[in-house]
Amino acid sequence: MLQEYKKKYAKAVLQYLIIDFNANVLESDNALFPNLKNKHIGDIHPFFESIVPLLVKEENETIFSCIHLNVENRVITSDIILQTFNDNKNPLLIIHDLTSHYKNYQTTAQVRNESVINSQILELKNTYLKEKEAFKNTFIANFSHELRDPLTGILTFTDILSKTSLDLEQKDYVQILNSTSSFLKKMIDDILDISKIESGNLELSIEPFNFLKLLNEIKFNYKIKAEQKGLDFKHNFDERLPEIVGGDAKRLRQVLTNLLDNAVKFTDNGSINFNVSLNQLRAQKASIHFEVVDTGIGIKEENIKDIFTSFTQVSGNDAYKGPGLGLAIVKYLVELTNSKISVTSDYQKGSTFSTNINFKANASLTISETESNKTIAFDASKKYNILLVDNSEITQLSVLKILASQGQFFLDIATKPEEVLSRISNFDNEVDLVLMDISLKEHRGDEIAKQIRKLPERHQRKVPIVAVTAKVFKEDLKTYKKAGINDVLKKPFNENQLLEIIAKNLK
Ligand code: ADP
């Protein structure tokens, strides 16, 4: 019985042949190739011709691996073993069918190769994407830095020009200069923000600030803007809103001004409503609801999903052209507070943008005196020596003009490390504060700061240093701090910002 089953189910994989020294088959079982007796082994397959020279009267075992042979209609992959003997015994030939073994082996090897190749491709792709991303972000950061120098010049001199005596026509021109350069500044800031967002470098701060004051300022500005366009501006601020909350005032202002700018821009008739209400005040947290409603051109339903994507505009009307970054930034900032921005819109009737944002709120939140009362005051009896380290003539002129208008400053300019160090080491004319550009033509400002911090005289090495730069990513700020820089003035800056930072850092 067992033999019968074996015959039926066991698949032969080994064939034994005894051959003579002329390579003729003397004996064979029929496991793989039937009826071979008396045939020349070259008749089985041309491969066997190659073993004829090996048929000698010596003890020897030769193994040929992975030989493809045709058995009836299929191809098998086999190992072939030839055993010869040193007495007169005839050679033994064994054909071992290892097809499934080789198939498995090949599949495994292929899968392994493919996975190795795939992981290499993935690694290459990742490296490429990372390099591309890093290049883009560095490019944007550097490029916007290059733009900031000339822009600082334009903004400062527009400001200075507006304070000179001008006739009405000239005043109009200065007004245009002012609004276009401010627009340019906002665009550069937005592009930098987008690059910060994409590189994961944008974080919110949590500081106490006067929330009601901020809302009223925004309301005041947009009431004027809306009315200039002939639009009604209404606001509704909940009486229960806390006066002081903890959060990021600058970024909240950015969210609200972007929404209100759009409302004014995309509305030609009707009104803008700016509503702020308190959802709840619990566990030292205030959840506040913001809503900007307009009666403008509206957004088609199918376009709503696209408006939060960078560089996207959906109005299809050239009259409303913009860079298309505002809402992408708004969405990201709101999401950083774990919230969402919602929009409902009726095409050609108007839109409503709304969001709920959580702030810290408790009775103990206070604002420091310097925060709430930012009047810039210098000791009137003193003159201050300021050392500006900057190659840019525009920045040199801007700082000079601003400081000269105060009548309390002497400004000295240096561009090389040795000039800076010798100037600070000059006993007769002590430097009170250094304004240090970071990306000088041939040097880095933070490196010069490090050298200043190593000077032998205590009062010299302790001189306050303020970096003046457009590079204000988190990593940059860390580097400046490490180099011993006390504070950072972001380019482009205006008169107030420069004077404020000097006042804050003068000893
Ligand atoms: P930008 O205003 O620079 O074009 P935004 O990101 O602020 O960029 O807005 C993206 C697009 O969303 C706008 O171009 C406009 O098509 C649409 N949009 C935004 N706000 C409004 C609004 N209040 N009414 C109608 N369309 C709007």
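For ligands, and for the atoms within them, numbers begin at 1 and follow the listed sequence. Here the structure is a predicted model, which is why all the values come from computation and not from measurement.
The aromatic rings of F237 and F274 sit perpendicular to each other, their planes meeting at more than 60°, with 30° as the lower class boundary.
We find that E457 and K462 are not joined by a salt bridge, their nearest charged nitrogen and carboxylate oxygen being 4.0 Å or further apart. With respect to K223 and E227, a salt bridge is recorded, a charged nitrogen being found less than 4.0 Å from a carboxylate O. Salt-bridge annotation for D390 and K491: present, with a side-chain N of the basic residue lying under 4.0 Å from a carboxylate O of the acidic one.
For the salt bridge (charged side-chain N to carboxylate O under 4.0 Å, His left out) condition, no pair includes a residue of residues 282-300, sequence neighbours left out. Residues in residues 403-416 take part in these salt bridge (charged side-chain N to carboxylate O under 4.0 Å, His left out) pairs, two or more places apart or across chains: D412-R423.
Looking at ligand 1, you'll find an N or O of L327 within less than 3.5 Å of one of its N or O atoms.
Within ligand 1, counting atoms from 1 as listed, the ones closer than 4.0 Å to a heavy atom of L325 are 6 (O), 8 (O). Residue-ligand proximity, I307 to ligand 1, at heavy-atom distances under 4.0 Å covers atoms 10 (C), 12 (O), 17 (C). For ligand 1, the atoms closer than 4.0 angstrom to any heavy atom of G298 are 25 (C).
Distances from ligand 1 to the non-hydrogen atoms of F308 include no value under 4.0 Å. I299 counts as a contact of ligand 1, since one of its heavy atoms falls under 4.0 Å from the ligand.
Closest to atom 20 (N) of ligand 1 by heavy atom, among T267, V264, N262, is N262.
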